[in-house]
**Student:** 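Next up is a structure, given as C-alpha cells.
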Protein chains: 2
Amino acid sequence: MDGNVTIKTIAQKTNFSLTTVSRVLNGTSEKYRISRVTQQIVLDEAKKLGYIPNMAAKTLRSNKSHTVGLIVPSLSNPFFSIVASTVSKMLHAQGYVVLMSDSDNNEKEEKKMLQALQAQNLVGLIAIPLGERRNYELLNQGIIPTVFVDRFFPGFNFYSVSTDHYKSSFQLVQYLINRGHQKIACIQGDEKVISNTYRVQGYRDALRASDLKYYYLGGVSFTEEEGYLETKLLLQKKDRATAILALSDTILLGVLKALKEAKIAVPEEISVVSFDNSSYLDYLEVPVTSIAQPITQIAQLAVKLLLEQINDKSKSKREESEQVILLDSSLISRASVLDLRNR
Amino acid sequence: MDGNVTIKTIAQKTNFSLTTVSRVLNGTSEKYRISRVTQQIVLDEAKKLGYIPNMAAKTLRSNKSHTVGLIVPSLSNPFFSIVASTVSKMLHAQGYVVLMSDSDNNEKEEKKMLQALQAQNLVGLIAIPLGERRNYELLNQGIIPTVFVDRFFPGFNFYSVSTDHYKSSFQLVQYLINRGHQKIACIQGDEKVISNTYRVQGYRDALRASDLKYYYLGGVSFTEEEGYLETKLLLQKKDRATAILALSDTILLGVLKALKEAKIAVPEEISVVSFDNSSYLDYLEVPVTSIAQPITQIAQLAVKLLLEQINDKSKSKREESEQVILLDSSLISRASVLDLRNR
DNA sequence: GTGAAAGCGCTAACAT
DNA sequence: ATGTTAGCGCTTTCAC
C-alpha cells in the first residue's frame, strides 16, 4: 500500500519464505516444483499489495539489467527519430527498457553519454555514432554487445547496419547522367560521418565512370543553412552546374530556398535530387527525386542482431562478429530532374 | 582491468576503507575533510583501474536512481521527437539518464510501459499521455514527480505544460474570418486527445463569436491518409467550404494531396491553414499559413518544473501542484489564404 | 516442495 | 580525517 511492497512483505503476509516468493514471482515455480496452491497465494497477495519489483536490486544481484542503451546524434532529425522509435518499440516488446541519449551532434557530449551509459549495467547498446571512433574504443573492451546503425568505424567487432550509401549515391548520380547531365554539383553534410563520405565517393566515382570532369563539392553540415549558403556560392560560379545533388533533405530545403530567391526554375534551369525521401517531398513546389532509405528495416535488423548477441552466451563467437550489413535503398523518381537529351 | 573494478578493489589497492573511497568518488571529500593526498591517491587509482560506478548498487542503496522516464505517443512525429530531444539533452546535462518509451499511440502499450517504468526507481517522469487517464491513475499514488506535456487530464496533481491550443485555434479561425471566410471546415485528429478537443472548441467558438452557421468537422486521426479521405468527402458536399483548417501538418499533407488530385487551386479556389508549422511548409507548392508551437520552450519548461519537484523534498508542497501552464503560439502567415474581401 | 543464509556494490549512521 | 558495520531488495547455492 505505501508504495514499498517488496518480496519480504509478501513473504511475511503469506508465511512463505523469501525464496519461494521470489521463485513464484519469477516464473521459476515449475523448475522448483512449487505447488499450485502456493503459487496462487503468493500471486494473489502480490497483486493485492500492488507489488512492483525493484529493478535495481535485480540488476545488482544478477548483474543483468534488461536495459539497452541507444545513442543518436539528434532526435530532431527524422531519420534518427524513426530509428529510435522502431528500436524502442521492438525492445520494449522483448521486455527491455531503453536508455536514450541524444548526443546533440557533439562528440564531447557523446563521450560523456557513453560513460554514463556504461555505469548502467547495459546488456546491449545501439549506436548511431558521430565521427569520433575513440569514443567507442573506450567501450569496456567490447563487453557490451553493440550494433552500429547508419554509421560505423572499421576495425570494431560490432555489427553495423546501414544503407549502402555508396551505391545509392552512385545510382542517383548515374540517374542524372543518364538524363544528359554532365555538370553535377554535390552539397554534402558533415565530412566526418562515414555515410557522407560514402555518398561523396559514390558521387565522384559515378562521374569518373562516365568520364565527366566537372566536379563541385561544397558544404560542411547537414543543415538547411548550409544548403542555402552553398547554393548561393554555387550560383556565383560562371560555369554553372545543371544539377545539384543534396546529400540530405535538410540541405535540400536550403538549396530550394536559394534557388527560389535567385528565381531559378526547377527543373527547367537546374535539376535537383536529394537523399532521405521525406514525406513532404511530394508536396513541394516541384516534387523532388530522392533516395529512400529502408529506415525501419535497418532499425529492425539492428535490434535483431543485438538480441542475437545478447542471447548468445558464447562470447567467443562475438569476438569475430565484425560485419557490415548494407541494405539497398530505392530511388524515388519525381519531377525535379530535367531530361537534357530531349533538347 | 577485467571490467569489474568496484570501490572495494580501489580500497584494497590503496589501503583505504570503502567509506573513504566512496566519499572521494562522490565528491563529498570536503564534507568529511579527507586530505588532498588521500583524494589524489584514490582518484588516481580509480582512473588507472578504469573504475565505473555501479548505478544499480547506488540506486538500491539510496533509493534514488537519477533516472527520469519519458513517454511519448510516437517518436516518428516531429513534434514529439523535438520534445524528446530537448528533454533528453537538458536532463543529461543535469546528470540524469533518460528512459525512453514510445507508446506507439496504443493505450495498452502505454499502460505496460508505465508499469515497466515504475519498476525502475524513477526520480521523475515526463509524459505526453494518450487519451486514457486511468493509465496515469495507477501511477504509484503520485509518488513520482510527473509533468504532462502537450496533453493532460484534469484532476491530477501534476504540472502540465502545453501550447494554448484553444486560443491558437480561435485566432487561426479568426484570421480566416477577418479575410472574409464564412464557410470554414475543420479536419481534426484523434478526438480523445485533449489538444485536439481544445482546437476544435477554438474553431467552434470562433465561428460562434462571428455568428457563422457553417460548421463542418471531420477526421479521426492525425494522419495524412485521414486528411486525404476527409478532404475527398468534403469536396463532395454541394455547399463547399472556402477554407480548410487542418489540425496538424500530417493531416495537411493529405488535404493538399486530395486538392491537387481534384485540381482545386490553393488559395484561389480554397484556402488552407494548419497547425504545427513544420519546416517544409515554406517550400510547399503554396506555402501554408500555420500555427507554430513553442516546442522547445514547452520542453524546457517541463524539465524545469520536473527538476524543481525532484529537488523539492517537501512533498506536501507537491500535493497541491496541479497547475496547467499554457504558452502562446505564433501564427505564421503565408500564401495559402485568399482574402475574399478584395473580390 | 520449501527455506536459511550469503552476498551483489554501494552509502550512511555511528564510531574514533 | 578515516574506519566499521548494517542493510537496500533480490537471487541463488546449499540444505532438508
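Lettering of chains follows the sequences in order, A, B, ..., and the numbering in each one begins at 1.
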**Student:** Does any donor atom in the side chain of B:Asn105 or B:Ser74 lie under 3.5 Å from an acceptor atom in the other side chain?
**Tutor:**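 No - no donor-acceptor pair under 3.5 Å links their side chains.
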**Student:** Using whole Å, what does the distance between atom C1' of nucleotide C:dG3 and atom CD1 of A:Ile7 come to?
**Tutor:**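 That distance rounds to 13 Å.
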**Student:** Tell me: CD of B:Gln12 to C1' of C:dG9, nearest whole Å?
**Tutor:**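 Between C1' of C:dG9 and CD of B:Gln12: 13 Å.
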**Student:** Using ring centroids (six-membered ring only for Trp), state whether A:Tyr136 and A:Phe158 fall under 6.0 Å.
**Tutor:**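 Distance test on ring centres: not under 6.0 Å, no.
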**Student:** Would you mind telling me which of C:dG9, C:dT2, C:dC10 lies closest to the side-chain atoms of B:Asn4?
**Tutor:**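 The nucleotide sitting nearest to the side chain is C:dG9.
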**Student:** Would you mind telling me which of C:dG9, D:dC10, D:dT2 lies closest to the side-chain atoms of A:Tyr51?
**Tutor:**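 Shortest atom-to-atom distance from the side chain points to D:dC10.
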**Student:** Report yes if a side-chain nitrogen or oxygen of A:Thr19 is closer than 4.0 Å to either non-bridging phosphate oxygen (OP1 or OP2) of C:dG3; otherwise report no.
**Tutor:**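 Answer no for this pair, as no side-chain N or O of A:Thr19 is under 4.0 Å from OP1 or OP2.
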**Student:** Can you check whether A:Thr20 has a side-chain N or O nearer than 4.0 Å to OP1 or OP2 of C:dG3?
**Tutor:**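 Yes, such a contact exists.
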**Student:** Over how many whole Å does the gap from B:Asn63 atom CG to C:dA12 atom C1' extend?
**Tutor:**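 After rounding, the gap between these two atoms is 14 Å.
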**Student:** What pair of heavy atoms forms the shortest contact from A:Ser103 to A:Pro73, and how long is it?
**Tutor:**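 Nearest pair, atom of A:Ser103 first, then A:Pro73: OG-CA, 3.3 Å.
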**Student:** Between B:Gln120 (CD) and D:dG9 (P), how many Å, whole number?
**Tutor:**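 Whole-Å distance recorded here is 16 Å.
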**Student:** Base, sugar-phosphate, or nothing: which does A:Asn26 touch, judged by heavy atoms less than 4.0 Å apart?
**Tutor:**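 It contacts sugar-phosphate atoms only.
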**Student:** Please state how far atom CG in A:Leu60 lies from atom C1' in D:dT12, giving the value in whole angstrom units.
**Tutor:**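 Atom CG in A:Leu60 sits about 14 Å away from atom C1' in D:dT12.
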**Student:** For C:dC8 and B:Thr6 - does any side-chain N or O of the residue sit under 4.0 Å from the phosphate oxygens OP1/OP2?
**Tutor:**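 No, B:Thr6 has no side-chain N/O under 4.0 Å of OP1/OP2 on C:dC8.
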**Student:** Using whole Å, what does the distance between atom P of nucleotide C:dA12 and atom NZ of B:Lys58 come to?
**Tutor:**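 Computing the B:Lys58:NZ to C:dA12:P distance gives 10 Å.
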**Student:** Taking donor-acceptor contacts at under 3.5 Å, does the side chain of B:Arg23 reach the base of D:dG3?
**Tutor:**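 Result: at least one qualifying N/O pair found.
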**Student:** Counting only side-chain heavy atoms from C-beta out, which of D:dC10, D:dG3, D:dA1 sits nearest to B:Arg33?
**Tutor:**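 Looking only at heavy atoms from C-beta outward on B:Arg33, the closest nucleotide is D:dA1.
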**Student:** D:dT2 phosphate, OP1 or OP2: any side-chain N/O from B:Ser35 under 4.0 angstrom?
**Tutor:**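 So the side-chain polar atoms of B:Ser35 do come within 4.0 Å of the phosphate oxygens OP1 or OP2 of D:dT2, strictly under.
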**Student:** Quickly work out the B:Lys64 NZ to D:dG9 P distance and round it to whole Å.
**Tutor:**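 Taking NZ of B:Lys64 and P of D:dG9, I get 17 Å after rounding.
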**Student:** Do B:Lys58 and B:Asn26 pair up side chain to side chain, a donor and an acceptor below 3.5 Å, judged on atom types alone?
**Tutor:**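 Yes - a donor-acceptor pair under 3.5 Å links their side chains.
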**Student:** Once you round it to whole Å, what is the distance between C1' of C:dC10 and CG of A:Asn121?
**Tutor:**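 For the pair A:Asn121 CG and C:dC10 C1', the rounded distance is 12 Å.
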**Student:** Please work out if A:Asn15 contacts a base, only the sugar-phosphate, or nothing of the nucleic acid, heavy-atom cut-off 4.0 Å.
**Tutor:**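 The residue A:Asn15 makes sugar-phosphate contact but no base contact.
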**Student:** Do B:Glu137 and B:Arg134 sit within salt-bridge range, that is, some charged N less than 4.0 Å from a carboxylate O?
**Tutor:**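 Looking at B:Glu137 and B:Arg134, the cut-off is not met.
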**Student:** May I ask you to evaluate whether B:Thr38 reaches the phosphate of D:dA1, defined as a side-chain N or O under 4.0 Å from OP1 or OP2?
**Tutor:**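 Checking B:Thr38 against D:dA1: no side-chain N or O falls below 4.0 Å of OP1 or OP2.
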